[in-house]
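Remarks on the structure that follows.
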Amino acid sequence: MSKIAFVFPGQGTQFAGMGKKLYEEVNEETKKSIDEIFSNLENEEVKRVLFEGTDEELKNTKFAQPAIALYSVILTKLLKEKGIEPEFVAGHSLGEYSSLYAAEVLSEIETMKLIAKRGDIMSNAKVDGSMAAILGLSATEVEEICSNIDGVIEAVNYNEPKQTVVAGERSVLEANLETFKEKGARRALPLAVSGPFHSSLMKPVAEVLKKEFDNYNWNDAKTPIVANTTTNLLVKADEIKDELYHQTFGPVKWVDTINKLAENGVTKIYEVGPGKVLAGLIKKIDKSIEVINIENVESLENI
């Protein structure tokens, strides 16, 4: 039998006014859920930025992460209310945190509180580094080039067969973008991010997050989560916390994640959250999988 998975996007799909747009589209009961989420967040500025903030404000990790996750959490709630349940869940980077609600590891409020705190911790991290997308080379080729560069530069996001993101020290990364082109990369694009996410430089941030995990009520997953760093199927709460810790300074193996879902009989994936970034990547990994985008209330009504 064919199986269903829910997947959740990472940072970069935010847009100005997204909180207000979602709020105006949902029914009164869901509005109350959103109100309750905001009343439980420590940072009162989050609601203002999600409803009224500029694109520039929303680029800040502190606001981008809860903005994207709000869509993923609320649309998951509405999708489940329609009777659609996943057999597996997975998320890309930040999206792995959104999957905690879908898998019933954390409540919607605790999921959003943790993600808002993660955004705050990451935006305040004083880690000087950056990221770049390398297009047109295989992951193995990118890893080989990184291994021959002095300084910290690592393959961190394995997005699709010919797109791998690298992260590391800012000076090292900027000095070597041309190296990737010389070795055959079609493009080497610097990313507009505030740090070298998923690289070994983020280990101190992971330690802060690990302590934050103690403030939440964790349950074993009702639906297995495909781990970013290993693609193992996770159910136990302690394993999930360990994965989220390691994910901070470990790779997002998205190609292997989609292949793992396919191996386990998944033929239909719902991308739940703003944008269609993951749908584009999935088509490059396995064209046989049907992808349905749930990016707003209207897309829910059309299924």
Side-chain angles (χ1 to χ4, degrees), residues 4-26 30 33-34 37-38 46 49-51 53 55 58-59 61-82 84-86 88-106 108-116 118-119 122 157 159-160 193 197 223 225-226 228 244 247 252 254 257-258 261 266 268-283 289-303:
I4 289 172
F6 289 0
V7 300
F8 303 95
Q11 213 165 311
T13 54
Q14 66 275 2
F15 59 90
M18 61 190 294
K20 184 180 180 184
K21 181 179 185 295
L22 180 66
Y23 193 82
E24 288 175 346
E25 288 179 350
V26 299
T30 309
S33 295
I34 296 173
I37 286 168
F38 283 123
V46 170
V49 174
L50 267 59
F51 276 63
D55 281 320
L58 268 166
K59 282 181 185 174
T61 298
K62 182 190 301 187
F63 304 119
Q65 293 196 13
I68 293 161
L70 181 67
Y71 267 64
S72 291
V73 166
I74 294 300
L75 293 174
T76 295
K77 179 184 175 73
L78 296 174
L79 197 54
K80 287 190 170 195
E81 285 175 3
K82 290 178 76 81
I84 299 171
E85 294 279 351
F88 302 94
V89 297
H92 190 289
S93 188
L94 160 68
E96 189 162 55
Y97 281 75
S98 299
S99 78
L100 299 175
Y101 170 67
E104 300 182 44
V105 175
L106 295 178
E108 62 193 65
I109 289 172
E110 289 217 313
T111 299
M112 287 301 303
K113 281 178 71 175
L114 175 57
I115 289 169
R118 179 183 188 256
M122 293 181 91
N157 291 0
N159 286 340
E160 47 110 325
V193 295
F197 301 138
T223 308
I225 299 172
V226 185
N228 274 187
L244 294 172
Q247 183 236 62
V252 176
W254 195 246
T257 293
I258 300 307
L261 290 173
V266 170
K268 183 183 290 187
I269 291 177
Y270 289 84
E271 179 180 357
V272 189
K276 298 178 179 177
V277 172
L278 299 183
L281 299 180
I282 293 165
K283 283 178 172 58
I289 297 175
E290 179 187 4
V291 184
I292 298 170
N293 286 91
I294 306 297
E295 56 181 335
N296 50 38
V297 173
E298 183 185 355
S299 56
L300 269 170
E301 291 167 351
N302 291 334
I303 59 172

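Below, all heavy atoms of this structure are taken into account, side chains as well, without hydrogens, waters or symmetry copies.
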Taking only residues two or more places apart in sequence or in another chain, which ones pass side chain to side chain contact (heavy atoms under 4.5 Å, CB included) with Val26?
Leu22, Thr30, Lys31, Ile34, Ile74, Leu78, Val297
How far does CE of Met122 sit from CZ of Arg118, to the nearest 0.5 angstrom?
4.5 Å
Separation between OG1 of Thr13 and CD1 of Ile68, rounded to the nearest 0.5 Å
3.5 Å
Smallest separation among heavy atoms of Ala67 and Leu58, with atom names
CB-CD2, 3.8 Å
With Thr61 via side chain to side chain donor-acceptor pair (under 3.5 Å) - residues at least two apart
Gln11, Ser194
Do the side chain of Tyr97 and the main chain of Ala69 share a donor and acceptor less than 3.5 angstrom apart?
no
Would you say Leu100 and Leu244 make side-chain contact, with heavy atoms under 4.5 Å?
yes
Side chain to side chain contact (heavy atoms under 4.5 Å, CB included) with Glu298: which residues, sequence neighbours excluded?
Asn296, Asn302
Under 3.5 Å: donor-acceptor pair, side chain of Glu295, backbone of Gly275
yes
Could you go through the side chain to side chain contact (heavy atoms under 4.5 Å, CB included) check for His92 and Val7 one step at a time?
CA-CA 8 Å; His92 190 289; Val7 300; over 6 Å; no
Check Val89, Thr76, Val291, Ile84 against Tyr270 for a side chain to side chain contact (heavy atoms under 4.5 Å, CB included) and give me the one that passes.
Ile84
Interatomic distance, NZ@Lys283 vs CD1@Ile289, rounded to 0.5 Å, equals 10.0 Å
Just to verify, what does Glu104 make a salt bridge (charged side-chain N to carboxylate O under 4.0 Å, His left out) with, not counting sequence neighbours?
Lys80, Lys222
Could you list the residues that satisfy salt bridge (charged side-chain N to carboxylate O under 4.0 Å, His left out) with Lys268, not counting sequence neighbours?
none
Testing the basics here: between Pro9 and Ser72, what is the closest heavy-atom pair and its distance to 0.1 Å?
CD-OG, 3.9 Å
Is a side-chain donor or acceptor of Glu271 paired with a backbone partner of Leu278 at a separation under 3.5 angstrom?
yes
Using atom types as modelled, flag every donor-acceptor pair under 3.5 Å from a side chain in residues 108-115 to any protein atom, sequence neighbours excluded.
{"unit_1": "Glu108", "atom_1": "OE1", "unit_2": "Lys77", "atom_2": "NZ", "d": "3.3"}
{"unit_1": "Glu110", "atom_1": "OE1", "unit_2": "Asn217", "atom_2": "N", "d": "2.9"}
{"unit_1": "Thr111", "atom_1": "OG1", "unit_2": "Ser107", "atom_2": "O", "d": "2.8"}

Checking side chain to side chain contact (heavy atoms under 4.5 Å, CB included) for the pair Ile294/Ile303: CA distance, chi angles, key distance, verdict?
CA-CA 9 Å; Ile294 306 297; Ile303 59 172; 4.1 Å; yes
Is the distance between the ring centroids of Phe51 and Phe38 under 6.0 Å?
yes
Treating Gln14 as the side-chain partner and Gln65 as the backbone partner, does any N or O pair qualify as donor plus acceptor under 3.5 Å?
no
Let me confirm one number: the CD1-CG distance from Ile269 to Asn293, rounded to the nearest 0.5 Å.
11.0 Å
Taking it one step at a time, do Leu106 and Tyr101 satisfy side chain to side chain contact (heavy atoms under 4.5 Å, CB included)?
CA-CA 5 Å; Leu106 295 178; Tyr101 170 67; over 6 Å; no
So, for Tyr71 and Gly273, which heavy atoms are closest and what is the spacing to 0.1 Å?
CB-CA, 4.3 Å
Grab the two heavy atoms, one from Phe8 and one from Val272, that are nearest each other, plus how far apart they are.
CD2-O, 3.3 Å
Tell me, yes or no, whether the heavy-atom count around Lys21 atom NZ, taken from other residues, nucleotides or ligands under 6.0 Å, exceeds 12.
yes
Nearest 0.5 angstrom please: Trp254 CH2 to Asn228 CG, how far?
7.0 Å
CZ-CG distance between Phe6 and Leu79, expressed to the nearest 0.5 angstrom:
4.0 Å
